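Below is one structure, written out as structure tokens; the observations come after it.
What you see is a predicted model; the values in this text were computed from it and never measured. Residue numbers start from 1 in every chain, and the chains themselves are labelled A, B, ... in the order their sequence lines are given, proteins ahead of strands.
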4 protein chains.
Amino acid sequence: MGRVVQEETTRRRGRPRDEARRAAVLDAAADLMLEGGLAAATMEAIAGRAGVSKQTIYKWWPSRGAVALEGLMVRSDPAGALPEGASAAESLRVLAVALVRLVGSTPAGPLLRSLIADAQSQPEVAAALREQWLGPRRRAAAEILRAGVERGELRPDLDVAAAVDHAFGPVYYRLLLGHEALTEEFALASVDQLLRGITRREQPPGGPGYLDASST
Amino acid sequence: MGRVVQEETTRRRGRPRDEARRAAVLDAAADLMLEGGLAAATMEAIAGRAGVSKQTIYKWWPSRGAVALEGLMVRSDPAGALPEGASAAESLRVLAVALVRLVGSTPAGPLLRSLIADAQSQPEVAAALREQWLGPRRRAAAEILRAGVERGELRPDLDVAAAVDHAFGPVYYRLLLGHEALTEEFALASVDQLLRGITRREQPPGGPGYLDASST
Amino acid sequence: MGRVVQEETTRRRGRPRDEARRAAVLDAAADLMLEGGLAAATMEAIAGRAGVSKQTIYKWWPSRGAVALEGLMVRSDPAGALPEGASAAESLRVLAVALVRLVGSTPAGPLLRSLIADAQSQPEVAAALREQWLGPRRRAAAEILRAGVERGELRPDLDVAAAVDHAFGPVYYRLLLGHEALTEEFALASVDQLLRGITRREQPPGGPGYLDASST
Amino acid sequence: MGRVVQEETTRRRGRPRDEARRAAVLDAAADLMLEGGLAAATMEAIAGRAGVSKQTIYKWWPSRGAVALEGLMVRSDPAGALPEGASAAESLRVLAVALVRLVGSTPAGPLLRSLIADAQSQPEVAAALREQWLGPRRRAAAEILRAGVERGELRPDLDVAAAVDHAFGPVYYRLLLGHEALTEEFALASVDQLLRGITRREQPPGGPGYLDASST
DNA sequence: GTGTAATCGAGACGGTACGTCTCGTCTTCTG
DNA sequence: CAGAAGACGAGACGTACCGTCTCGATTACAC
């Protein structure tokens, strides 16, 4: 009945983990990345800022990347309610806007950039990032697309994985390269651009016009 | 019309820069990044491998990022001949394939990943990367798109910058996140997906079908 | 006449101290010092080896030195029976051989070396060592010498404290520096060398008087 | 002819070692041991006090013990002139007084105590200490004794190594245990006590023969 | 029996120092 | 005088113990 799993049946021995410190570490890491970029978020700085010893951090996280990843997961709520019964198009737009808001207005942005940077040289970070961050989000988007195909909204020959890349790749591109501002309009334009190519057309011009996306 | 700038007019005094060493440094850096990832390409390792003193490297490059950037520029030839008189669609496809080949089959891939990682914490690296790497490539693509608009191939209300992001963002996304293979087919699919949305349609289905891209 | 103080008059409440663990700690400490030198006998290692928590050790001993000292006292039996009515010479020889056997063939050797090492930087250890270990032994030796003087065996102008140092100093010297083997023969030679200088002679010796040394 | 080995023939390349820093490290280590005992002389404290980075210390010395040993050697001048043509007795007295002055009035005392403490758990320190500190001093004393035997001053059946222990062992004993003051008078008394037993006598003594001790 | 009080294991925690690593600067000597 | 060789200060790395501090479980006396 209870949706909360009974995980406290076997009470572990010894002094229990101090959850306040766990949060302090995650906060400190996020703050430092916000302030000075990820180069400023050294283990020693995190420990100092959090008022925690380095050993405590190493006890619970294997690397700086793991701290950042957990901070990222904590700070990004579980996907935000997708509207029930919405079309694929509408659902994708919600996801895109949520992503931009998350990385643009919360500590999750610097955290995510930090993680992707670390992932370039640390395969474990890359794997964790794909599994814990990217995977769920891509699966959610893929599910939306698959449902759209089934409902006849989208072309039946759709390459779902590629479509997800087309929708969100441009957002990550701007996030990491910074050559242009990462706005909600841009994210919506990316989704709409995708939709223009994959929407099933009996009645062609039902989709949004290219630059009208933000006006929707 | 010579595209090579006359840079040797004023012969500088003293011993001239040893170009052989310059190349050795760039080679060593590229090799190390290929072998052990960018974490292996420390300044000391580069100096040792190149048979050059650290000081010589610092003399000519301000940071490890600068070395990588120059190595990247050296290794990526000036875009390869674009077919004269080709359509915007064809030109973009050529660019996309060239990009995937470059980052997928040459030392430029690891170098580029390294640079983007460093750029997350070093604004100078980010700026240099945008100016020297991204800028020229985006300008080339933008020019192609603008020409396409002028020739009436593409919609007149096209947001050129966004379109460039839509064409190449997915490629960088896969390059950096590694969740799916970065193939030429995928790059072509990205371009085609873009084209489907921005091609001017008197005759609607002239563009390629979504999954037929690679067969073109 | 009972030498054991009545210490159990006021039975304390609560769970009493577990004497088996007390012994386990002392054994573990001694074993570790035997095996890996005193550097191996960390508090954590002792606790682990003894199957006891660190807190239990800190409850009963203030420092590692205190553990070692108690281990040393436990392992060195109460002086061994000195022969009744023996001469000062014979008694000293017995003490010397007992000392060498103790430090050479039992865990007391490493324990003692450990304690003296710690005593160099921890005054409390030094004090405890002098009071509990060195003091009783030196007093026993001094008493033997004083008795010898009174019986007319030894010179009346004997500096007892210095004589004790001359008899046992060389033994500690070899124990700690390890430049030569610490054998029973050597210890006996040290005692005999002392005796040759302090034994009362029928005809006063031509050599230098014992306490006149500094006036030379 | 020159007794100094030509060690600079092959000039090494690169920046030469900074001798000022070498001295600063040795001074800092000695100072710290004087002030706070050897426990205060951590590598980090030495580095900080000397205004030198830790890495520089580790570059030239393998361990804290090595630093202390070199400081000890630097601070104890090469034996001080022994009087030419002096008797064995006089020479030993000079050595003994020099030793007490060294360890009692200079930083060499704490340094030596530190080294002997470390030697208890680090075999390399013990070996270095025996070879570089104890060896030369014991050899000098042994040579004095051997010369005394040859000149007929001392008994021909003298066990030289044991005699050296008898002369200096008591000094180290008091240095390390600290149960009594380590004065020059005490050191002289130790030497004289030894001499009383090993000086050749016109009329053979009634006391026990030097090497017969263990047969008693 | 049922508190009540101490002991004990387990282990989290803030610290300090360790010895290593790489960075970027500097100093000297060699070609 | 350019450049290699490399010494150096700085500072983060990840580890090891220290000594203190919760916890919950256990044990024995006292009521």
Using distance only, find each side-chain donor-acceptor pair of residues 109-126 of chain A under 3.5 Å and give its atom names and separation, not counting sequence neighbours.
{"residue": "A:R113", "atom": "NE", "partner": "B:Q120", "partner atom": "OE1", "Å": "2.7"}
{"residue": "A:R113", "atom": "NH2", "partner": "B:Q120", "partner atom": "OE1", "Å": "3.2"}
{"residue": "A:D118", "atom": "OD1", "partner": "A:R64", "partner atom": "NH2", "Å": "3.2"}
{"residue": "A:D118", "atom": "OD2", "partner": "A:R64", "partner atom": "NH2", "Å": "3.2"}
{"residue": "A:Q120", "atom": "OE1", "partner": "B:R113", "partner atom": "NE", "Å": "2.7"}
{"residue": "A:Q120", "atom": "OE1", "partner": "B:R113", "partner atom": "NH2", "Å": "3.2"}
{"residue": "A:Q120", "atom": "NE2", "partner": "A:I116", "partner atom": "O", "Å": "3.0"}
{"residue": "A:Q120", "atom": "NE2", "partner": "B:L176", "partner atom": "O", "Å": "2.9"}

Length of the line joining [X]:[atom1] and [N]:[atom2], which is rounded to integer Å:
X: B:I57; N: F:dA2; atom1: CD1; atom2: P; value: 18 Å
X: C:E19; N: F:dA28; atom1: CD; atom2: C1'; value: 15 Å
X: C:K59; N: F:dT22; atom1: NZ; atom2: P; value: 16 Å
X: D:W61; N: F:dC8; atom1: CH2; atom2: P; value: 9 Å
X: C:Y58; N: F:dC17; atom1: OH; atom2: P; value: 12 Å
X: B:Q122; N: E:dG24; atom1: CD; atom2: C1'; value: 13 Å

With a cut-off of less than 4.0 Å, is there a side-chain N or O of [X] near OP1 or OP2 of [N]?
X: A:R21; N: E:dG14; answer: yes
X: C:W60; N: E:dC8; answer: yes
X: D:R13; N: F:dA5; answer: yes

Legend entry - Nucleic acid contacts - residues 31-56 of chain C versus DNA chain F, non-hydrogen atoms under 4.0 Å: C:T42, C:M43, C:E44, C:K54, C:Q55

Legend entry - With B:E131 via salt bridge (Lys or Arg N to Asp or Glu O under 4.0 Å) - residues at least two apart: none

Legend entry - Contacts of type salt bridge (Lys or Arg N to Asp or Glu O under 4.0 Å), residue B:E35, not counting sequence neighbours: B:R49

Legend entry - Taking every non-hydrogen atom, the tightest pair across B:L34 and B:P107: CD1-CG, 3.8 Å

Legend entry - Residue closer to the 5' end of DNA chain E, A:R17 versus B:P62 (nearest nucleotide): A:R17

Inset, instruction - Output all residues satisfying side chain to side chain contact (heavy atoms under 4.5 Å, CB included) with C:A50, sequence neighbours left out; order by chain, then residue number. - result: C:A24, C:V25, C:A28, C:V52

Legend entry - Results of side chain to side chain contact (heavy atoms under 4.5 Å, CB included) for A:E70 - residues two or more places apart only: A:R22, A:L26, A:W61, A:V74

Inset, instruction - Report the nucleotide, chosen from E:dG9, E:dG24, E:dG11, that has the shortest atom-to-atom distance to any side-chain atom of A:R15. - result: E:dG11

Legend entry - Residue pair A:R75 / A:D27, side-chain heavy-atom distance below 4.5 Å: yes

Legend entry - Residue met sooner reading DNA chain F from 5', once A:G14 and C:R64 are mapped to nucleotides: C:R64

